[in-house]
Amino acid sequence: MSTENVRVRYAPSPTGYPHIGNIRTALFNWLFARHLGGKFIVRIEDTDQSRKVEGAVEQILESLRWLGLDWDEGPEAGGEYGPYFQSERLDLYKRYAQQLVDVGHAYRCYCSAERLAQMRTQMAERKESVRTYDRRCRDLSAQEQAGAESQGIVPVIRFKVPFEGETTFHDLIRGDISFANAELDDLVLLKSDGYPTYHLANIVDDHTMEVSHVMRADEWLSSTPRHVLLYAAFGWTPPLYAHLPMILGPDKSKLSKRHGATALLDYRDEGYLPEAIFNFLALLGWSLDDKTDVIGREDLVKHFSLERISRTAAIFDIKKLQWMNGFYIRQLNPAELAERALPCFEKQLPPQVKRPLDVGYVSQVVALQQERAKTLVEFPANSGFFFVDDVDYPVDLLLKGGMTRERARELLSASAARLDAVAPFDMARLEPPLRSLAEEVSVKTGDLFGLLRIAVTGRTAAPPLFQTMAVVGRDKCLRRIRSAIDRLSGPATP
RNA sequence: GCCCCCAUCGUCUAGCGGCCUAGGACGGCGGCCUUUCAAGCCGUUAACAGGGAUUCGAAUUCCCUUGGGGGCACCA
């Protein structure tokens with residue numbers, strides 16, 4: 001197959017928000033298409049009316065957009081092979097299902113959902129090894145069919161799986177895989193509501209959309225023989241398969257809601273950068289070599305290959321993502337970073353802080369917090385003191401290391417006097433007078449600076465003191481220092 | 001229960017018969033730097049699931065066991 005004919009698809013069902021695992025599948029498909037210059041298609045598999053979730057399609061598209069996974073065909077983009085919503089292709093599936101009935105590869109089944117459910121329960125209770133549909137309707141006579149129809153029973157269409165033999169297919173990642181046909185059941189192709197099942201719709205669409213490679217999660221591996229059989233029944237050539245290793249939660253089970261934040265957009269909301277997620281996800285199940293862990297999208301597109309996809313399921317480790325996100329944050333210049341963190345500031349800073357925020361000021365703040373943050377939301381969370389008028393904190397914080405209230409007051413007063421004379425109020429001019437003060441009154445610089453840090457920021461951990469004071473500004477610094485002195489003069493805390 | 005897949009440090013992984021006394025990264029731990037917290041730098045911790053077989057030689061090939069995962073819907 002020539003590479004320009006590579007057509008791959010991401011085919012999510014709108015039954016919820018795409019999580020990390022779904023998106024990793026999309027990412028690999030995208031990388032594969034971009035690497036080979038093929039097409040990346042998005043197809044919405046909305047064939048389950050009962051499970052569809054409002055807004056899910058938009059979440060799916062938004063997830064792709066946020067990561068920068070652009071699609072050549074699909075919703076919004078259109079394309080020659082549309083429509084790209086399966087719910088708009090029902091006639092096609094009906095036609096093909098009927099075609100299979102006509103040639104004897106499929107049949108109408110009148111069994112009720114209740115009977116089927118009961119049958120399954122019984123088989124499980126008896127611990128039977130084969131727990132598939134008993135094929136009661138497989139060879140119904142014309143009279144029996146007519147009888148069922150006259151009772152108003154709406155049938156489903158089932159595929160006739162051979163009783164014997166083996167179905168073998170080649171997986172690009174796992175090699176040849178065989179299943180005994182006897183293990184398979186007569187799966188439903190068309191449901192009684194007229195909608196196709198995944199199996200039928202998937203095959204019909206992949207074929208009619210000329211999909212060349214099916215890259216999907218490992219959980220589909222056991223359905224693949226059914227799909228291969230279906231292709232054969234239609235007389236079509238199946239696509240090439242590549243089953244991707246699953247992404248598991250910390251408890252090693254399939255990723256789901258109960259693992260906490262798994263939806264991709266949750267990570268956006270928690271302040272992760274798309275480039276960090278992109279990089280991290282690409283390395284979950286794929287590697288370039290024995291040492292590369294920071295790798296950008298262009299290099300990923302350049303080097304991506306099926307051969308280097310691992311066969312082992314991967315556990316999603318948030319710690320490494322956090323490190324990587326911090327790394328990408330540190331790569332940004334302050335102006336870019338400020339721009340990207342601005343929405344977090346607008347949203348999280350206390351309401352009394354006047355909006356809109358001054359981007360230039362935010363940029364200065366962000367520059368001081370940059371090497372301390374792992375996520376964007378940490379910026380506003382740790383930077384409130386740069387924006388509010390007054391800071392609040394337990395007065396005891398001013399008395400660390402056995403310092404007396406008297407002593408603390410003296411130091412603060414002396415500091416205020418020195419600071420008052422500093423002009424302009426910048427980092428270079430702030431440091432010398434305070435250092436000499438510490439020396440003159442024989443206090444360790446760490447103790448003096450720590451005291452001032454509490455007074456000015458209300459926190460024990462903050463960016464370097466002089467830079468912080470310079471950004472906070474003379475007026476606020478002095479006011480806060482005087483406020484600290486007042487606190488120390490007040491009644492002793494119980 | 002049956003079928004399929006998988007199996008290297010806690011985690012992500014490199015390794016595709018000799019380069020492996022198994023490499024990198026995250027995490028952890030220790031140290032340096034230092035006005036706090038970080039960042040950075042240095043060091044350290046820790047793995048080939050077990051057993052057979054093939055071979056001069058096995059993390060790498062084969063078999064079995066064990067373990068883990070996935071599937072067994074008118075859900076995808």
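Proteins get letters first, then strands, A, B, ... in listed order; numbering begins at 1 in each.
For the P atoms, the distance linking B:G43 with B:C6 amounts to 38 Å, nearest Å. Atom name P, nucleotides B:A49 and B:U60: the rounded distance is 8 Å, in whole Å.
When the side-chain nitrogen and oxygen atoms of A:Lys400 are compared with OP1 and OP2 of B:U36, none of them lie within a distance under 4.0 Å. Distances shorter than 4.0 Å separate none of the side-chain N or O atoms of A:Thr292 from OP1 or OP2 on B:A25. A close approach under 4.0 Å does occur between a side-chain nitrogen or oxygen of A:Arg120 and OP1 or OP2 of B:C74. Close to B:U35, at under 4.0 Å from its OP1 or OP2, lies a side-chain N or O of A:Arg435. For B:C72, the OP1/OP2 oxygens have no side-chain nitrogen or oxygen of A:Arg226 closer than 4.0 Å. Side-chain N/O atoms of A:Thr197 include none lying less than 4.0 angstrom from OP1 or OP2 on B:C74. An OP1 or OP2 oxygen of B:C74 is reached within less than 4.0 angstrom by a side-chain nitrogen or oxygen of A:Arg158.
Judged by distance alone with a 3.5 Å cut-off, a donor-acceptor contact links the side chain of A:Ser192 to the base of B:C74. A donor-acceptor contact under 3.5 angstrom links the side-chain atoms of A:Arg131 to the base of B:G1. Contact annotation: side chain of A:Arg51 to base of B:C75, donor-acceptor pair present below 3.5 Å.
A distance below 6.0 Å separates the ring centres of A:His227 and A:Tyr198.
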With the criterion being N/O to N/O and under 3.5 Å, what pairs connect the protein with nucleotides 26-33 of chain B, and how long is each?
{"residue": "B:C26", "atom": "O2'", "partner": "A:Lys319", "partner atom": "O", "Å": "3.4"}
{"residue": "B:C26", "atom": "O2'", "partner": "A:Lys320", "partner atom": "N", "Å": "3.3"}

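Checked against side-chain contact (heavy atoms from CB on, under 4.5 Å), A:Arg418 has the following partners two or more places apart in sequence or in another chain: A:Pro433, A:Ser436, A:Leu437, A:Glu440.
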